[in-house]
There are 2 protein chains.
Amino acid sequence: MPASPDPVSAAPSRPSRIQRRNRKRILEAALEVFSQHGYRGTTLDQIADGAGLSKPNILYYFAGKEEIHVTLLNDLMDAWLAPMRAIDPGGEPLDEILRYVHRKIEMSRALPRESRLFANEILQGAPRMGPHLETGLKPLVDDTAALIAGWIAEGRLARVDPLHLIFSIWATTQHYADFDAQVQVLTEGGDDYDGAHAFLDTLYRRLLAP
Amino acid sequence: MPASPDPVSAAPSRPSRIQRRNRKRILEAALEVFSQHGYRGTTLDQIADGAGLSKPNILYYFAGKEEIHVTLLNDLMDAWLAPMRAIDPGGEPLDEILRYVHRKIEMSRALPRESRLFANEILQGAPRMGPHLETGLKPLVDDTAALIAGWIAEGRLARVDPLHLIFSIWATTQHYADFDAQVQVLTEGGDDYDGAHAFLDTLYRRLLAP
DNA sequence: TCGTATCTTTACCAATTGGTAAAAAGCCAG
DNA sequence: CTGGCTTTTTACCAATTGGTAAAGATACGA
């Protein structure tokens with residue numbers, strides 16, 4: 001029965017050591033290339049090079065280029081939303097928002113490729129992530145916006161539109177990863193994440209202090 | 001002398017009516033496609049389709065794909081920096097900054113493709129725009145940052161890092177164009193540029209009021 | 001209206017791309 | 001140590017890509 005020779009469509013038995021190692025290598029290499037060149041700008045040969053495998057060998061582990069991309073996006077979605085999930089509804093509102101901001105800056109610093117991968121995907125209209133936005137992102141954002149609206153109604157935060165607040169936090173924090181090329185030119189190469197922490201702390205403190 | 005058959009390398013004489021019309025069509029079509037798919041994701045056939053011309057005809061007007069892209073970037077640079085150039089050093093500081101913010105939001109609304117074209121280019125490391133950043137953007141930003149620093153020293157604005165302030169204005173305003181796909185999902189399709197104006201006005205007023 | 005310069009089309013390439021078939025090699029349990 | 005699985009390599013495609021050559025059509029001033 002040579003119908004399913006590759007692990008892609010195999011039974012859900014534990015993948016072998018080699019499989020885990022090589023899939024990891026492929027995803028790591030793919031993240032590097034996709035985040036820099038976007039989906040269409042990336043070739044399987046580049047991924048294969050980066051992973052130290054041959055192109056057909058890549059296609060032994062993944063059904064095709066698109067599956068690699070979608071796998072990356074799926075695997076990353078959770079980590080990406082974690083900082084927002086970590087907002088504690090029982091905490092002190094201003095603290096919770098500020099801590100969210102600082103976590104997001106740290107993600108920009110620690111995971112710039114992941115940030116650019118998402119940025120690329122959204123920029124191009126989220127063609128391979130539409131469902132994820134609806135089912136993963138939207139409910140979480142709705143909840144968070146409602147939570148913030150509640151805090152504002154209780155007088156524990158200054159009055160702002162919660163959704164635009166969230167947009168502004170995403171924009172300002174991810175900017176440092178996504179537009180790094182520009183930031184580098186203007187800061188003359190100095191890593192200025194400390195400056196970002198300080199500035200954004202001031203920004204959201206002044207905006208939100210009740 | 002069939003050595004320079006095309007207008008690309010022709011003498012600087014006034015281009016013909018047909019040339020002006022077709023170059024404009026090509027650039028318009030190219031802006032549409034480049035801004036959506038990035039440089040490598042765009043094909044000459046797509047541009048040719050959008051422009052209503054054949055591929056070889058495109059290459060009669062431009063030496064190649066890269067020249068089209070660079071031409072777009074160059075042509076747009078001025079318009080892109082105009083809002084910052086329009087900041088009046090003699091004006092009331094808070095007013096000047098707020099008007100800059102509102103102009104940038106309007107550019108996001110009016111020219112989303114241009115915004116995404118730049119975003120794509122920067123995301124990928126600005127490979128075709130490095131010099132422009134150094135010679136066009138950097139001096140202007142340095143001047144503006146110095147101007148803001150002066151205003152702060154005079155006590156006419158609250159203390160903030162001018163460069164990070166500029167980053168945050170870019171990030172928050174361009175977000176609405178660059179990440180439109182995400183914004184659309186979360187606002188359920190409603191055009192919310194009015195909300196953006198109101199939110200960012202509040203944000204920067206509270207941040208900067210002396 | 002005629003001839004020249006401008007513009008457009010047709011017919012191609014060579015290189016690259018995502019992907020496949022199938023043989024060869026490696027691994028490992030019995 | 002061997003037979004059957006997994007993994008990798010080799011040798012290919014067909015489609016797409018950016019780009020070219022050169023013939024053909026068109027505009028337009030004299």
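Keep in mind that this is a model prediction, so the values were computed, not measured. When reading the values below, keep in mind they use all heavy atoms of this one structure, side chains included, and skip hydrogens, waters and symmetry mates. A, B, ... follow the sequence lines: proteins, then strands. Residue 1 opens every chain.
In this structure, the separation between CD1 on B:Ile166 and OH on B:Tyr100 is 7.0 Å, given to the nearest 0.5 Å.
Classification of B:Arg103 and B:Glu106 as a salt-bridged pair fails, no side-chain N sitting under 4.0 Å from a carboxylate O.
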Hey, can you pull the donor-acceptor pairs under 3.5 Å for the side chains in residues 126-134 of chain B, sequence neighbours left out?
| from | atom 1 | to | atom 2 | distance (Å) |
| --- | --- | --- | --- | --- |
| B:Arg128 | NE | B:His69 | ND1 | 3.4 |
| B:His132 | NE2 | B:Asn74 | OD1 | 2.5 |

For residues 79-91 of chain B, which side-chain donor-acceptor pairs fall under 3.5 Å, sequence neighbours excluded?
| from | atom 1 | to | atom 2 | distance (Å) |
| --- | --- | --- | --- | --- |
| B:Arg85 | NH2 | B:Asp78 | OD1 | 3.4 |
| B:Asp88 | OD1 | B:Gly90 | N | 2.8 |

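Formation of a donor-acceptor pair under 3.5 Å by the B:Lys104 side chain with backbone atoms of B:Arg99 is not found in this model. Formation of a donor-acceptor pair under 3.5 Å by the B:Ser115 side chain with backbone atoms of B:Leu111 is not found in this model. Side-chain atoms of A:Arg116 come within 3.5 Å of backbone atoms of A:Ala177 as a donor-acceptor pair (strictly under, hydrogens ignored).
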All N/O pairs under 3.5 Å across the protein-nucleotides 27-29 of chain D interface:
| from | atom 1 | to | atom 2 | distance (Å) |
| --- | --- | --- | --- | --- |
| D:dC28 | OP1 | B:Arg17 | NH2 | 2.8 |

Under 3.5 Å, which protein N or O atoms sit close to an N or O of nucleotides 9-13 of chain C? Give each pair with its distance.
none

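Residues satisfying the salt bridge (Lys or Arg N to Asp or Glu O under 4.0 Å) criterion with B:Asp45, sequence neighbours excluded, are B:Lys55.
In this structure, A:Asn22 atom CG and C:dG26 atom C1' are separated by 13 Å, rounded to whole Å. B:Leu59 places its CG atom 12 Å from the P atom of D:dA21, with the value rounded to the nearest Å. For the pair B:Glu66 CD and D:dT17 C1', the interatomic distance rounds to 15 Å; values are reported in whole Å. Computed from coordinates, the A:Arg20 CZ to D:dT7 P distance equals 11 Å when rounded to whole Å.
OP1 or OP2 of C:dC7 sits under 4.0 Å from a side-chain N or O of B:Tyr60. Note on B:Tyr61: a side-chain N or O is less than 4.0 Å away from OP1 or OP2 of C:dT8. One finds a side-chain N or O of B:Gln19 lying less than 4.0 angstrom from the OP1 or OP2 phosphate oxygen of C:dC7.
Aromatic ring centroids of B:Tyr204 and B:His102 lie 6.0 Å or more apart.
Only A:Arg40, listed by number, bring a heavy atom of residues 35-49 of chain A to less than 4.0 angstrom from any atom of DNA chain D.
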> Between A:Arg25 and A:Glu28, is a salt bridge (charged side-chain N to carboxylate O under 4.0 Å, His left out) present by the stated rule, with each step listed?
Replying inline: CA-CA 5 Å; A:Arg25 281 186 186 172; A:Glu28 156 65 26; over 6 Å; no

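Taking 4.5 Å as the limit, some side-chain heavy atom of A:Glu188 sits within range of a side-chain heavy atom of B:Lys138.
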